[in-house]
Structure formats: structure tokens, C-alpha cells
Amino acid sequence: MNHPDVANDVRSRLALALDVDDLVEAGRLGRRMLPWFSVAKVGLELFSASGPEAVGAFVDQGYEVFLDLKLHDIPTTVGKAAKVLGSLGVSYVTVHSSGGIDMLAAAVDGLNEGASAAGLTPPMVLAVTVLTSDLEAPGSLLQERLGYAVEADCGGVVCAASDLAEVSLVAPELLAVVPGIRPEGVVANDQGRPATPREAIKQGAGILVIGRAVTASSEPEEAASNIAAEVAEAI
Ligand code: C5P
């Protein structure tokens, strides 16, 4: 297998979206892409199929696991679920900021509690700001939700590249995690507000979430190398 020497400051900025429903397939993809990606994103699809086992599989491969479950419920329920997730060894967990400050704070507390009981480093809460599918969202919503994230002590946000300027202005202390990444010439699929790796990094993205630009490519290694080279130039 080809193991290119990807600089750590590039690899640490790249998260691989494992949007499949089969852990064997996801595991194979994870092993193949490890030279370029430091973070493995396990979403609703894979977690529904394999549950916590999916987390362990990628931690064992050497990834930081980003559990993209987009929690949203009453604060007590979110807090209790977060406590369980905090004990799994994940590094990032997404929570809908539309749930409000109390719910976000319950997630932060629950993750801290679960992690400390298991002797682990607490995962970072990433507040999902405005879904790219929500085309009707007023401009003020992003600012309001960034305020919730800061107030509740979240470590970061998930936002579109087009929202990065606002994030840098309102809450520069938050890690900005950005999906919808499409290198020049790669189809957008269902991504509403795509950006190139260079644009996203230049605009302040901390971590780029890469899915189909690599996973749907006929040459995933080459696609990943091209993205890594573009990121290396932009940072
Ligand atoms: O499009 P790609 O395969 O790169 O998707 C990577 C991630 O982007 C997905 O796992 C999903 O969480 C997110 N996504 C998004 N908005 C969309 C479609 C996908 O934020 N419209």
C-alpha cells in the first residue's frame, strides 16, 4: 500500500466522512485513507448499523472519531445520551444548536462526566449551526446560534464555508468544522453551499469534512493526495 508522507499539520485538518451502512466496508475505507486523514466521521447511517463498535474500530485504526449524531432532545435526555457517548473514546460529538443553550450545556456536561468516569479525555461538542438544506434561515440565526455555542462552552461548530467569515467575527475561539468540500471540477451532489479546500482553509476552517470527493472517486488515493496538497498550500 502507498503510504505518502502527509504533513501532520495537513492530516490534522482532514476528516473522512464514512457515510456507509457497513462496518466492514467503512473499516476498509478507513485503513486505505489513514495516510491523509486524522479524523474519521461516523454518522447516523454507520452508527445505526454498528453502534459503538464503529467507534472502537476507528479508534483502533488510530483515528480521532467524530460522532456525527446531531443530538437534539430535551436537555435531560441529551445529557444522559452524552454521558454514554463520552465513555466511548470519541473526540468530537455534534449537537444541534437549535436545541438552545441548556441543551448544549447538558451535552457538554454529559460528555465530560462520561469521559471522566471512563478515564478518558472529554470529547469536544460541535454545535451544528444552520443546515445547508435550510435555505429559508434568516441571516440572524447563525449569529444567535454561535452565541448559544459560546455560552454553553462548546468547543466548535459545524458550518458551511460561506458562514466562516461570521464565525471568525463572532466566535473566533470556536473550532470551525466545514463539510461541503469540493475541489475544482468535482460534482457538488446534494451539497448546498460547497467550497474548495483552499477557499475553506483561507476563510478560517479548522477541519474539512471530506466525503464523496474522495470516497466516490475512482482514484481515492489520488483524490486525497490532491486535496492534501491544496490544503498544504493554503495553510
Ligand atoms: O458531500 P460529502 O460526501 O463530502 O459529505 C460529507 C458530509 O457533509 C456528510 O457526511 C454530511 O454530514 C455533510 N453534508 C452537509 N450538507 C449536505 C450534504 C452533506 O453538510 N447538503
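Atoms within a ligand are numbered from 1 in the order they appear, just like the ligands themselves.
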**Prompt:** Please walk me through it: do Arg11 and Ser38 pass side-chain hydrogen bond (donor to acceptor under 3.5 Å, both in side chains)?
**Reply:** CA-CA 6 Å; Arg11 206 176 153 265; Ser38 66; 5.2 Å; no
Fit a plane to each ring of His72 and His96, take the angle between them on a 0 to 90° scale, and name the class: parallel (under 30°), tilted (30 to 60°) or perpendicular (over 60°).
tilted
In this structure, CG of Asp163 is separated from CG of Leu141 (nearest 0.5 Å) by 10.0 Å
If you count the atoms of ligand 1 from 1 in the order shown, which ones are under 4.0 Å from a heavy atom of [X]?
X: Arg212; result: 1 (O), 2 (P), 3 (O), 4 (O)
X: Asp19; result: 9 (C), 10 (O)
X: Ala17; result: 6 (C), 10 (O)

Touching ligand 1 at all, Asn189? Heavy atoms, strictly under 4.0 Å? no
the protein heavy atom lying closest to atom 20 (O) of ligand 1 turns out to be Pro179 CG, 3.4 Å
For atom 16 (N) of ligand 1, the closest protein heavy atom turns out to be Thr132 OG1, 2.9 Å
Under 4.0 Å between heavy atoms, the region of Asp68 that gets near ligand 1 turns out to be side chain
Quick look: Asp190 vs ligand 1, heavy-atom contacts under 4.0 Å, and the answer is both
* Asked: Does an N or O from Gly211, backbone or side chain, lie closer than 3.5 Å to an N or O of ligand 1?
  -> yes
When Leu71, Val177, Val125, Val158 are each screened for side-chain contact (heavy atoms from CB on, under 4.5 Å) with Thr94, the one that passes is Val158
Tested for side-chain contact (heavy atoms from CB on, under 4.5 Å) against Leu18, the lone hit among Asp21, Leu16, Asp22 is Leu16
For Cys154 and Leu174 the tightest heavy-atom approach is O-CD2, 3.3 Å
| query | Any salt bridge between Arg212 and Asp19, counting N to O under 4.0 Å? | reply | no
Atom 18 (C) of ligand 1: of Lys70, Gln191, Lys41, the nearest heavy atom sits on Gln191
